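These numbers come from a predicted model, not from an experiment. Atoms within a ligand are numbered from 1 in the order they appear, just like the ligands themselves.
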Amino acid sequence: MTYIVKDACIKCKYMDCVEVCPVNCFYEGENMLVINPEECIDCGVCVPECPIDAIQADTVDGSEFWVEMNQKYALEWPRITLKGESPSDADEWKDVPNKFPNHFSPKPGNS
Ligand code: SF4
Ligand code: SF4
């Protein structure tokens with residue numbers, strides 16, 4: 001089992017999750033974060049830290065896509081351990097549904 005980040009995180013990136021992870025397994029893209037499923041120790045500490053419930057267990061139905069997506073980009077993006085600046089328009093994006101097809105960026109983050 002692991003935890004993964006879903007597309008609710010896109011363009012929100014509040015980053016309250018990263019500093020609580022005991023194994024530093026969050027990775028930063030240009031507009032969202034992912035978890036490395038190989039490194040996550042399933043502690044669940046990050047889940048209540050995310051204000052928009054973007055983090056969920058892989059036992060939830062339909063998680064296969066997100067496990068693969070998190071694994072792929074965790075290997076391409078830089079590790080992030082400190083909370084950075086959220087985009088100024090993050091609040092406007094937090095309730096937008098199904099952001100992956102139209103708003104996902106595969107570019108690495110740079111904070
Ligand atoms: S707190 Fe939630 S929305 Fe923010 S970066 Fe972490 S997973 Fe993404
Ligand atoms: S569940 Fe625990 S180990 Fe996994 S990403 Fe969240 S805080 Fe890190």
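At the top of the distance list for atom 6 (Fe) of ligand 1, counting protein heavy atoms only, stands Cys17 SG, 2.3 Å. Nearest protein neighbour of atom 3 (S) of ligand 1, counting heavy atoms only, is Ile52 CD1, 3.5 Å. Closest protein heavy atom to atom 8 (Fe) of ligand 2: Cys21 SG, 2.4 Å. Closest protein heavy atom to atom 2 (Fe) of ligand 1: Cys50 SG, 2.3 Å. Scanning all protein heavy atoms for the shortest distance to atom 4 (Fe) of ligand 2 gives Cys40 SG, 2.3 Å. For atom 5 (S) of ligand 1, the closest heavy atom belonging to the protein is Met15 N, 3.2 Å.
Taking the six-membered ring for Trp and the full ring otherwise, Phe100 and Trp66 have centroids separated by under 6.0 Å.
Counting heavy atoms closer than 4.0 Å to ligand 1, residue Ile55 contributes side-chain atoms (C-beta onward) but none from N, CA, C or O. Contacts between Cys46 and ligand 1, counted as non-hydrogen atom pairs separated by less than 4.0 Å, are absent for every part of the residue. With a 4.0 Å cut-off on non-hydrogen atoms, Ile41 touches ligand 2 through its backbone as well as its side chain.
For ligand 2, the atoms closer than 4.0 angstrom to any heavy atom of Cys25 are 5 (S), 8 (Fe). Heavy-atom proximity to Gly44, at under 4.0 Å, picks out these atoms of ligand 2: 1 (S), 2 (Fe). Those atoms of ligand 2 with a heavy atom of Val23 less than 4.0 angstrom away are 3 (S). The distance from ligand 2 to the heavy atoms of Tyr3 drops below 4.0 Å at these ligand atoms: 1 (S). Heavy-atom proximity to Ile35, at under 4.0 Å, picks out these atoms of ligand 2: 5 (S). Shown in contact with Pro51 at under 4.0 Å from a heavy atom are these atoms of ligand 1, numbered in order with element: 1 (S). Atoms of ligand 1 found under 4.0 Å from any heavy atom of Tyr14, numbered from 1 in the order shown, are 4 (Fe), 5 (S).
Side chains of Glu28 and Tyr73: no donor on one and acceptor on the other come within 3.5 Å. Side-chain atoms of Ser63 and Gln56 include a donor-acceptor pair closer than 3.5 Å.
Separation of atoms OH (Tyr14) and CD (Glu49) is listed at 14.5 Å; rounding is to 0.5 Å.
Metal site remark for atom 4 (Fe) of ligand 2: Cys43 contributes no N, O or S atom at a distance under 2.8 Å. Inclusion of Cys9 in the first shell of atom 8 (Fe) of ligand 1 is supported: an N, O or S atom falls under 2.8 Å.
Residue contacts with ligand 2: Pro22 is included, with a non-hydrogen atom under 4.0 Å away.
The pair Lys11-Asp89 does not count as a salt bridge, with every side-chain nitrogen at least 4.0 angstrom from each carboxylate oxygen.
Between Thr2 and Pro37, the shortest heavy-atom contact is OG1-CA, 3.3 Å.
No continuous path of ILVMFWY side-chain contacts below 4.5 Å connects Ile52 to Phe26, so the two sit in separate hydrophobic clusters.
Side-chain contact between Met15 and Cys9: absent, with no pair of heavy atoms (C-beta onward) separated by less than 4.5 Å. No side-chain heavy atom of Asn31 sits under 4.5 Å from any side-chain heavy atom of Trp93. Looking only at side-chain heavy atoms (C-beta outward), Met32 and Met69 come within less than 4.5 Å of each other.
With sequence neighbours excluded, the residues that form a salt bridge (Lys or Arg N to Asp or Glu O under 4.0 Å) with Glu76 are Lys72.
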